[in-house]
Amino acid sequence: MASGSGEGKAGRAGAGYQQYASYGTGTGYDERQWWPWLVPTVLGACVSVFAVEMYLNDCPRHGSTLGGDAPCVAGFLRQFSFQPLRENPLLGPSSATLEKMGALDWAKVVHQHQWWRLFSCVWLHAGLIHLIVNMMSLLFIGIRLEQQFGFVRIGIIYLLSGFGGSVLSALFLRNHYISVGASGALFGLLGSMLSELIMNWTIYSNKAAAITTLLFIIAINLAIGILPHADNFAHIGGFVSGFLFGFVLLARPQFGWMERHELPQTDQPPKYKMYQYALWGAALLFLLVGYVVGLAMLFKGKNGNDGCHWCRYLNCVPTSRWKCST
């Protein structure tokens, strides 16, 4: 969420993913089902961090950063009550509290070498609404992926996609906004679903329906990101990172290899097809180059908009109803 008021609207992916998952079944693939514990743990961690945000924010004591005498929302919560709606319509803390707790701030990352903000911002949320939407999406998307591929691979994709989203966001938003939220990591899971479908194309039935549904879900969520206050650069960076990590981490062995014990020793098939090896190598190369170049540009203070003057429209498209500078 940019400017402390809402990074992501990936929540609409949840219901759509259930529809995609129904198309993706029927592969006949006998796979191990993992018990999902990482995704619920991440959810619990995000909820706990939000509780700490509100405790430190202490609206009744500190009041509104905009001045005036606007009352805190849900005052019966006392120290955990929310900032006035005109300051934070998502029912959450002030931008100052988010910045203190580790929100993504370009100036602090580059000039004060607080690189940890590239990770910490993923665990923060700008408000209760923001938290609920992202956590529902995490449950709908993450549980099934963890059941299929295990906590190690899904954990890597989630964390490093969030990191990739933070890097791209910092490169383009720079010192105009702060950013918080798990939407970059969630878009990484969406991206990995797409690359997993491509990587394991031969084992899927109903291929056209599966990829059409998934592309529609992704397009809708990215389109929502061009609205004000949504950090679409975090969405895009997370999606691209997750898409590439999906090729590296989510390949499935071909059917023949799974049945190798029933075949003569001379007819043993390879574990993966050649196109899977090719996609794995290309994705790993793009990941390494992308992270190295992105981090080098970031810590040298480069502005991503200098080399791409139209890229600002990927984050927000101004209309007669809103301005992108607000």
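Along the sequence shown, the residues carry numbers beginning at 1. Nothing here was measured: the structure is a model prediction, and the numbers come from that model. No hydrogens, no waters, no symmetry mates; every other heavy atom, side chains included, goes into these values.
In this structure, Arg252 and Phe149 have side chains that are in contact, with non-hydrogen atoms separated by less than 4.5 Å. Proximity of Cys72 to Phe82: side-chain heavy atoms (C-beta onward) are nowhere separated by under 4.5 Å. Between Lys100 and Leu56 the shortest side-chain heavy-atom distance does not fall below 4.5 Å. A 4.5 Å side-chain heavy-atom check between Trp115 and Leu295 finds every atom pair outside the cut-off. Contact check for Tyr291 versus Leu160: side-chain heavy atoms found under the 4.5 Å cut-off. Ser81 is listed as a side-chain neighbour of Cys59, based on a closest heavy-atom distance under 4.5 Å. Using a 4.5 Å heavy-atom cutoff, the side chains of Pro93 and Leu98 are in contact. Contact annotation: the side chain of Leu194 never approaches that of Leu190 to less than 4.5 Å [non-hydrogen atoms, C-beta and beyond].
Rounding to the nearest 0.5 Å gives a distance of 12.0 Å between OG of Ser241 and CG of Leu159. Annotation: the span from Leu104 atom CG to Glu99 atom CD amounts to 10.5 Å, rounded to 0.5 Å. Here CG of Leu250 is found 11.5 Å from CD of Gln276. Values are rounded to the nearest 0.5 Å. Interatomic distance, Arg144 CZ to Leu139 CG, rounded to the nearest 0.5 Å: 14.5 Å. For the atom pair Ile198 CD1 and Ile211 CD1, the distance stands at 5.0 Å (nearest 0.5 Å). The distance from the OH atom of Tyr158 to the CD atom of Glu146 is 12.0 Å, given to the nearest 0.5 Å.
Shown here for Ser95 and Ile178, the closest heavy-atom pair between the two residues is O-CD1, 3.7 Å. The nearest pair of heavy atoms linking Phe299 to Val109 is CE2-O, 3.6 Å. Contact record, Ile143 with Pro36: CD1-CB, 4.0 Å, taken as the closest heavy-atom pair. Across Val180 and His130, no two heavy atoms sit closer than the pair O-CE1, 3.6 Å. Considering every non-hydrogen atom in both Met199 and Ala251, the closest pair reads CE-CB, 3.7 Å. Considering all non-hydrogen atoms of both residues, Leu284 and Val248 come closest at N-CG2, 3.8 Å.
Without hydrogens or angle criteria, His62 side chain to Asn57 main chain gives a donor-acceptor distance under 3.5 Å. For Ser169 (side chain) and Gly165 (main-chain N/O), no donor-acceptor pair under 3.5 Å exists by modelled atom type. Using a distance-only test at 3.5 Å, with no hydrogens or angles considered, no donor-acceptor pair links the side chain of Gln83 to the main chain of Gly92.
Phe239 and Phe243 have parallel rings, their planes meeting at less than 30° on a 0 to 90° scale where 60° marks the start of perpendicular. Relative ring orientation between His111 and Trp106 is described as perpendicular, the plane-to-plane angle rising above 60° on a 0-90° scale split at 30° and 60°. Between Trp37 and Phe151, the ring planes are tilted. Angles from 30° to 60° get that label.
Remark: Asn303 engages Asn305 in a side-chain hydrogen bond (donor to acceptor under 3.5 Å, both in side chains) (not counting sequence neighbours). Take Ser166 and apply the side-chain hydrogen bond (donor to acceptor under 3.5 Å, both in side chains) test, not counting sequence neighbours, and it matches no residue. Applying the side-chain hydrogen bond (donor to acceptor under 3.5 Å, both in side chains) rule to Ser161 yields no partners; only residues at least two apart in sequence or on another chain are considered.
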Give the C-alpha distance, both sets of side-chain angles, the deciding distance and a yes or no for side chain to side chain contact (heavy atoms under 4.5 Å, CB included) between Trp280 and Tyr272. CA-CA 11 Å; Trp280 182 90; Tyr272 299 106; over 6 Å; no
Side chain to side chain contact (heavy atoms under 4.5 Å, CB included) evaluation trace for Val47 with Leu43: CA-CA 6 Å; Val47 172; Leu43 186 150; 4.1 Å; yes
Apply the test side chain to side chain contact (heavy atoms under 4.5 Å, CB included) to residues Val152 and Leu249: give CA-CA distance (whole Å), side-chain angles for both, the deciding distance (0.1 Å), then the verdict. CA-CA 10 Å; Val152 173; Leu249 297 175; over 6 Å; no
Given Glu196 and Asn200, is the side chain to side chain donor-acceptor pair (under 3.5 Å) satisfied, shown in steps? CA-CA 6 Å; Glu196 189 272 329; Asn200 306 308; 2.8 Å; yes
Report the C-alpha distance between Ser192 and Leu145 in whole Å, list the side-chain angles of each, state the deciding distance to 0.1 Å, and finish with yes or no for side chain to side chain contact (heavy atoms under 4.5 Å, CB included). CA-CA 9 Å; Ser192 70; Leu145 284 174; 4.1 Å; yes
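In this structure, Val292 is not a member of the same hydrophobic cluster as Leu244, with clusters built from ILVMFWY side-chain heavy atoms closer than 4.5 Å. Clustering ILVMFWY residues whenever any of their side-chain heavy atoms sit less than 4.5 angstrom apart, transitively, puts Phe286 in the very cluster that holds Val289.
Counting heavy-atom neighbours within 6.0 Å of Phe216 CZ, excluding the residue itself, gives a total of 12 or less. For Lys302, the NZ atom sits in a loose shell: 12 or fewer heavy atoms of surrounding residues, nucleotides or ligands are nearer than 6.0 Å.
A distance of 6.0 Å or more separates the ring centres of His125 and Phe50.
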